[in-house]
Amino acid sequence: MLEIGDSEFDVVVIGSGAGGLTSAILAHDRGSKTVVLEKSRMLGGTTSISAGVIWIPNNIHSLDAGVQDTREAALTYLRRITMNTGDTGLLDTFIDEGPKMIDYIGTHTPVKFGVSMFPDYHPEFEGARHGRSLDQEPFDGSILPPDIFERIRRSPFFPPITMRERDEWKSILNFDFELMAKRIENKIFTMGSALIGALLKGCLDRNIRVIPEAHVTNLITKDGKTIGANVKHDDGYVAITADRAVILASGGFDWNDQMKKDFLRIPVVTPLGVPSNEGDGITMGIELGAGLGNMSEAWWSPVIKVPGEELEGKPLARPFNSERALPGSIMVNRAGKRFVNEAHNYNDVGKALHTFDPVSFEYSNIPCFLIFDDNYRRHYNFLTIMPGDPLPNWILRKNSLKELALELGINGDVLSDTVSIFNKYAETGVDLEFHRGASDYDRAYGDIAVSPNPCLGTLAVPPYYGVQVLPGTLGTKGGLKINSESRVLNIRGALIAGLFATGNVTASPMGGGYPGAGVTIGQAMVFGYLAGIYSSSDKN
Amino acid sequence: MPGFISYQSIDELNSEWKLKIDLGILSRQVNFRARITEKRKPEFLSFELKGLDENVMGSGVLLLKKESITETSVTFKISLEAGGQSAPLVNSLVSSALRSQIGEFETQLRKILIP
Ligand SMILES: Cc1cc2nc3c(=O)[nH]c(=O)nc-3n(C[C@H](O)[C@H](O)[C@H](O)COP(=O)(O)OP(=O)(O)OC[C@H]3O[C@@H](n4cnc5c(N)ncnc54)[C@H](O)[C@@H]3O)c2cc1C
């Protein structure tokens, strides 16, 4: 399993995230001798550290759970949320093929889905639903060979619980820590690592080779067709041939500073994904003349950098959701003003950080700040810090808002005014400026014990606390253009023979939109499913 | 748990350690106040640890025994215990990290405490 061994395959898959493993399983089941090549020593890509949620409208599990969904409703919602920035043909494909992919993976692999009744990210839009997101059942990692088990990451972002448990327990203060400790001791994976564990088991059961530390450096072509890949493995290079096709599933360009500078809509973006996602697949596609799309976009998120934390040698930043939605916190910019409904979904709040002010010629909201009071600190966790834990030195604490503002570089007078206005909203329960807490999405992260609005509470009890917030991304989503069979298109729209792609290496059909929890893995698996099927219908 | 980032002596008994704790793929810096509770030069040392920014307490002993001119046997024990509500989870993570990296940690510690 961990050696390259023979080097002749029908289908070569590059990248072992959800997109890559799904395509490998389908390619194998359609009769192809398949190999998965993974650059990192760890398997599963960003998928393995994610929440592992998959957004697929009209899927069988959600329908069985009583969700009323239709193709038309899903398409209406998707067209609205992508604002016509995506590829409408591929949106149709996503909606039509998504339920088939879920059926297939759910019945032919150890992946077990549960239904999360979480709302879509704009529940107020026509066609939105609750319950389109599928969660992973816990996966028993002890059934994997030890050398594979050890190569699956545990997420640094999520404790070993399921998303449904999180929805049910609401606050971290209600979490079952004994259960979590047992899960670690018993090698039980949840969320993204459960998805990767189960997909890997599906690969092993089929004798599909999954090879870590196999860094693909370039593709090999003959007479215009992709016929293999050169791989840096151990100390040397090996040419691996693909009789039918190569499938790129190598993630985005999250950690490639030059590509981010060249393509993204803002200059500095902090990545949350795995450090091996450096845009290699996009570069390899460009070398073969591939067309690009959606290159300025990413799955955005505001992030907080915790000094001293690292992910495989790179600085780790953290996304944060409930911290923005719970009563007693606000986000302000350097002018001391709120600029967004803080409780909105991370993609849209992330975008609000990109606002450019032509007068000051600055990005007005970079950096911005999350501010909370002592009442918040005593009731809620903040990232990994529980109420009662010692305060780490990267969270600033001051006895007055003015002192806090001075230290953080915020206009203190404006901040005081902002807080007084916000405190009035908290009392009435209505945020007249940004409507925080008005939608089901916001309230899913609020405190249901607080009324009249579970997302609004005053900031009135000193000391006050503040941390810097920066623009970040769960992964980039611009890349190679593909068609409805996941075949890569060249710059003129013609097929590049033998080359397929899926996931964040492709131009996402979602454009700038983020419809609901799990769309990024959903998209990677749907187009991976198609890449697996169609790659195996091609023969040299 | 490979390694000290820094060690700063405060007085003969007290010091501050910055440790890099590796919990699987997440590593983070944890700052401890260390207090030597007993020292019998050159072979025995016991100490207590208290997390400065984390709810973690600990203690340990280091025992060196000269077996021959060229050989010294080393006994090293360290226990870290998280407090607070998330303690079971943190303890479970820390104990698996400690188990896998104890050797490296002990070497680093010996260099600093018994030069
Ligand atoms: C904290 C967090 C939570 C998230 N939660 C969710 C969620 O619940 N649902 C959701 O839909 N999305 C979620 N996301 C986003 C999601 O994880 C990613 O968008 C998705 O996993 C991308 O899948 P992929 O298959 O395209 O790439 P990845 O899973 O990143 O896999 C790409 C793989 O390709 C490998 N690779 C790169 N270059 C090469 C090369 N040259 N040779 C060989 N291999 C190579 C990489 O090492 C990597 O292992 C989350 C992200 C984060 C950070």
Side-chain angles (χ1 to χ4, degrees), chain A residues 40-44 46 48-49 149-161 171-189 193 274-276 306-316 318 381 383-395, chain B residues 1-8 10 14-35 48-58 79-105 108:
Chain A
S40 168
R41 67 170 296 276
M42 302 299 280
L43 299 171
T46 302
S48 64
I49 58 171
F149 172 81
E150 276 151 25
R151 288 179 190 267
I152 301 177
R153 302 171 176 92
R154 279 195 186 276
S155 177
F157 305 111
F158 303 109
I161 61 173
S171 159
I172 196 169
L173 305 177
N174 303 325
F175 281 13
D176 184 341
F177 286 98
E178 296 285 351
L179 173 72
M180 292 190 242
K182 281 214 180 73
R183 282 193 179 147
I184 289 178
E185 277 151 33
N186 296 333
K187 302 187 168 180
I188 305 292
F189 289 123
S193 55
V274 294
S276 48
V306 177
E309 289 194 342
E310 285 179 6
L311 176 77
E312 290 162 17
K314 298 276 189 180
L316 178 91
R318 290 185 176 275
N381 68 296
L383 302 182
T384 56
I385 301 141
M386 305 286 279
D389 280 356
L391 191 75
N393 57 12
W394 50 268
I395 300 181
Chain B
M1 189 186 276
F4 287 92
I5 295 172
S6 74
Y7 165 86
Q8 198 181 2
I10 296 170
N14 293 292
S15 53
E16 269 185 27
W17 304 354
K18 281 191 180 41
L19 300 184
K20 198 167 165 189
I21 295 197
D22 210 334
L23 303 172
I25 58 157
L26 164 68
S27 66
R28 75 201 261 176
Q29 185 181 307
V30 183
N31 302 325
F32 287 99
R33 168 68 62 93
R35 195 172 70 85
E48 283 174 359
L49 292 170
K50 184 175 181 329
L52 291 174
D53 345 292
E54 313 270 340
N55 203 344
V56 188
M57 308 278 281
S79 68
L80 286 176
E81 174 106 28
Q85 200 184 351
S86 56
L89 177 63
V90 177
N91 286 335
S92 160
L93 283 168
V94 168
S95 86
S96 55
L98 269 179
R99 259 199 299 274
S100 61
Q101 285 148 1
I102 191 79
E104 194 161 348
F105 185 48
Q108 302 270 20

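This is a predicted model, so every value here is computed, not measured. In what follows, chains are A, B, ... by sequence order, proteins preceding strands, each numbered from 1.
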Inset, instruction - Can you tell which part of A:Pro160 gets under 4.5 Å to a heavy atom of chain B, answering side chain, backbone, both or neither? - result: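 Interface part for A:Pro160: side chain.
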_What part of A:Met386 gets within 4.5 angstrom of chain B, counting heavy atoms only: side chain, backbone, both, or neither?_
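Contact with chain B involves the side chain of A:Met386 alone.
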Taking A:Thr384, A:Leu179, A:Val306, A:Asn381 one by one, which has the highest count of heavy-atom pairs under 4.5 Å against chain B?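 So the answer, after comparing A:Thr384, A:Leu179, A:Val306, A:Asn381, is A:Thr384.
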Chain B: which of A:Phe175, A:Phe177, A:Trp394 shares the most heavy-atom pairs with it under 4.5 Å?
->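 Sorted descending by pairs with chain B, the first entry is A:Phe177.
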### Task
To the nearest 0.5 angstrom, please state how far the CG atom of B:Leu89 sits from the CZ atom of A:Arg183.
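Reported value, rounded in 0.5 Å steps: 11.0 Å.
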Worksheet entry | Shortest non-hydrogen separation from B:Pro88 to A:Glu178 and the atoms involved |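 So the two residues come closest at CG-OE2, 3.9 Å.
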(request) Identify the heavy atoms of B:Asp53 and A:Asn393 that sit nearest to each other, and give their distance. (result)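 Heavy atoms only, the tightest pair is OD1-N, 4.4 Å.
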key: Test side-chain contact (heavy atoms from CB on, under 4.5 Å) applied to A:Pro275 - qualifying residues, sequence neighbours left out   =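 A:Pro275 satisfies side-chain contact (heavy atoms from CB on, under 4.5 Å) with A:Trp255, A:Leu311, A:Glu312, A:Lys314 only.
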Query - Sequence-distant partners of A:Asn174, side-chain hydrogen bond (donor to acceptor under 3.5 Å, both in side chains), two or more places apart - result: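 A:Asn174 satisfies side-chain hydrogen bond (donor to acceptor under 3.5 Å, both in side chains) with no residue once adjacent residues are dropped.
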